[in-house]
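Read the structure below first, then the notes.
Just the heavy atoms: all of them, side chains too, but no hydrogens, waters or symmetry mates, feed the values below.
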Amino acid sequence: MTILDGKKVSNDIKNEIKAEVDKMKTNGEKVPHLAAVIVGNDGASLTYVGSKVRACERVGFESTMVRLSNTTSEVELLDKIDELNNNPDIDGFIIQLPLPEQIDTQKVLMAVHPDKDVDGFHPMNFGKMALDMSTFIPATPFGILELLDRYNVDTKGKHTVVIGRSHIVGRPMSILMGRKGFPGNSTVTLTHSHTKNITQITSQADIIISALGVPNFLKAEMVKDDAVIIDVGITRVPDDTKERGYRITGDVDFENVSKKASHITPVPGGVGPMTIAMLLKNTLLARERHRKSNKN
């Protein structure tokens with residue numbers, strides 16, 4: 001059994017990006033600039049955005065954190081997005097989710113210019129991805145593809161089962177795993193909360209990508225021998241033995257499933273670190289595109 005070590009691979013990617021940025025600096029070129037917009041004081045969101053800012057520092061990117069109060073109106077947020085869209089110094093930016101209830105998330109994500117949408121959430125970028133065109137792939141699916149690629153996990157002709165149909169992970173993964181090329185060329189089944197006999201389906205899968213958000217949902221009896229398991233789940237489960245009072249748990253019963261799997265991602269340290277690394281990669285791609293189009 002091989003552990004798909006997202007922590008190690010993400011560090012490799014950050015080192016590669018840093019080398020690219022160092023070349024830019026040597027050539028007197030503008031370095032990539034990533035901005036993050038956070039509305040409110042959600043603890044998990046603040047931690048996540050903080051880790052993105054630190055990742056930018058590590059690779060030599062410029063970064064800006066835009067913090068807005070919990071009472072920010074939709075109009076105020078849209079004005080801020082318009083400002084970032086029109087700021088030639090910003091190569092890409094993200095809107096940290098979730099947003100407060102007074103704000104229409106879909107309207108906000110639609111307002112981000114596709115050329116700066118390094119999260120890959122805009123319908124234009126999602127559509128290009130679905131059509132196999134060059135675009136920003138959402139960071140978590142992009143990270144999963146990179147893990148499969150770097151560990152040379154065979155996907156051609158394999159049966160991939162995706163659990164969960166979110167716009168951020170499940171649905172894009174189902175499209176990407178069925179595309180031509182590597183990783184891809186697999187036969188994909190997309191399952192969700194209304195799927196009947198899910199164990200019957202998962203037990204036939206060569207590759208399972210679980211993005212459900214239900215701790216320990218995938219049990220050993222649901223998995224065939226030598227399956228490849230990608231665990232995207234990340235849930236805080238109360239645990240008095242931990243200093244923080246909780247532990248991070250994935251969708252997969254790792255202890256038992258890992259005994260049957262050929263490859264598996266741990267939680268934490270699997271898909272999670274890859275997400276930030278690929279967000280950086282998308283920002284580097286955005287900078288390159290802007291340079292080539294002579295926008296700045």
Side-chain angles (χ1 to χ4, degrees), residues 4-18 20 32 34 36 48-49 51-52 55-56 58-59 61 91-97 109 112 114-153 155 160 162 164-186 188 190 207 209-211 228 230-234 263 265 267-289:
L4 299 173
D5 189 344
K7 203 168 180 181
K8 180 195 176 297
V9 174
S10 70
N11 280 328
D12 290 345
I13 291 166
K14 286 174 188 171
N15 289 338
E16 290 161 14
I17 292 171
K18 186 177 185 305
E20 287 288 319
L34 174 68
Y48 193 46
V49 170
S51 63
K52 289 172 181 174
C56 284
R58 178 182 158 178
V59 299
F61 284 11
D91 293 299
F93 65 96
I94 60 155
I95 311 296
Q96 185 61 41
L97 304 179
L109 295 179
V112 178
D115 285 352
K116 295 193 176 188
D117 168 41
V118 287
D119 257 338
F121 293 164
H122 193 282
M124 186 180 286
N125 287 327
F126 198 98
K128 282 183 172 181
M129 178 201 73
L131 293 170
D132 270 348
M133 296 166 72
S134 176
T135 189
F136 299 119
I137 297 173
T140 300
F142 198 5
I144 294 168
L145 293 178
E146 197 71 16
L147 272 178
L148 293 171
D149 185 11
R150 295 200 181 213
Y151 278 91
N152 206 27
V153 175
T155 59
T160 296
V162 180
R165 54 181 168 180
S166 75
H167 296 170
I168 295 171
V169 183
R171 200 167 298 179
M173 272 324 301
S174 69
I175 294 167
L176 291 163
M177 291 302 287
R179 68 181 181 170
K180 290 181 180 178
F182 174 72
N185 279 325
S186 66
V188 183
L190 178 63
I207 301 166
I209 300 168
S210 186
V228 175
I230 307 291
D231 189 352
V232 188
I234 182 160
H263 300 76
T265 59
V267 175
V271 173
M274 294 298 296
T275 299
I276 291 180
M278 303 322 282
L279 179 67
L280 296 175
K281 197 150 187 174
N282 273 345
T283 306
L284 182 65
L285 177 63
R287 169 88 290 275
E288 278 298 298
R289 284 188 185 169

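- Here Met124 contributes atom CE and Met133 contributes atom CE; the two are 9.5 Å apart, rounded to the nearest 0.5 Å.
- Residue pairs meeting the side chain to side chain donor-acceptor pair (under 3.5 Å) criterion with at least one member in residues 141-150, sequence neighbours excluded: Glu16-Arg150, Glu146-Arg150.
- Residues Val49 and Ala36 approach most closely at CG1-CB, 3.9 Å, considering heavy atoms.
- At most 12 non-hydrogen atoms from other residues, nucleotides or ligands lie less than 6.0 angstrom from NZ of Lys18.
- The nearest pair of heavy atoms linking Gly270 to Leu147 is O-CD1, 4.3 Å.
- Closest approach of Leu176 and Pro141 over heavy atoms only: CD1-CB, 3.7 Å.
- The shortest side-chain heavy-atom distance between Ile230 and Met173 does not fall under the 4.5 Å cut-off.
- The side-chain contact (heavy atoms from CB on, under 4.5 Å) test applied to Thr140 returns Ile144, Val169, Val232, Val271, Thr275, not counting sequence neighbours.
- Atom CG of residue Leu148 and atom CE of residue Met177 lie 5.5 Å apart, to the nearest 0.5 angstrom.
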As a quick check of understanding, evaluate side-chain contact (heavy atoms from CB on, under 4.5 Å) for Lys116 and Asp91, giving each step before the final call.
CA-CA 6 Å; Lys116 295 193 176 188; Asp91 293 299; over 6 Å; no
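- The shortest distance between side-chain heavy atoms of Asn15 and Arg58 falls below 4.5 Å.
- No side-chain heavy atom of Phe126 sits less than 4.5 Å from a side-chain heavy atom of Thr135.
- Contacts of Lys52 classified as side chain to side chain donor-acceptor pair (under 3.5 Å), with partners at least two apart in sequence or in another chain: Gln96.
- Here the shortest heavy-atom pairing between Val188 and Gly178 reads CG2-N, 3.7 Å.
- To the nearest 0.5 Å, atom CG of residue Asp5 and atom CE of residue Met274 are 10.0 Å apart.
- Without hydrogens or angle criteria, Asn11 side chain to Lys7 main chain gives a donor-acceptor distance under 3.5 Å.
- Partners of Ile17 according to the side-chain contact (heavy atoms from CB on, under 4.5 Å) rule, which considers only residues two or more places apart in sequence or in another chain, are Ile13, Val21, Val59, Phe61, Leu280, Lys281, Leu284.
- Figure legend: Arg289 and Phe136 shown as a cation-pi pair, the cationic atom lying under 6.0 angstrom from the six-membered ring centre and within 45 degrees of its axis.
- Here Asp12 pairs with Lys8 under the salt bridge (charged side-chain N to carboxylate O under 4.0 Å, His left out) rule; sequence neighbours left out.
- Sequence neighbours left out, not one pair with a member in residues 117-136 passes salt bridge (charged side-chain N to carboxylate O under 4.0 Å, His left out).
- Of all heavy-atom pairs spanning Ser166 and Pro172, the tightest one is O-CD, 3.5 Å.
- The distance from the NZ atom of Lys14 to the SG atom of Cys56 is 10.0 Å, given to the nearest 0.5 Å.
- Between His167 and Leu109, the closest side-chain pair of non-hydrogen atoms is not below 4.5 Å.
- Every residue was checked against the side chain to side chain donor-acceptor pair (under 3.5 Å) condition with Thr265, not counting sequence neighbours, and none meets it.
- Among residues two or more places apart in sequence or in another chain, the side chain to side chain donor-acceptor pair (under 3.5 Å) test is passed with Thr155 by none.
- With sequence neighbours excluded, no residue forms a side chain to side chain donor-acceptor pair (under 3.5 Å) with Asn282.
- At least one side-chain heavy atom of Ile276 sits under 4.5 Å from a side-chain heavy atom of Tyr48.
- For the residue pair Ala130 and Ile175, the shortest heavy atom distance occurs at CA-CG2, 3.8 Å.
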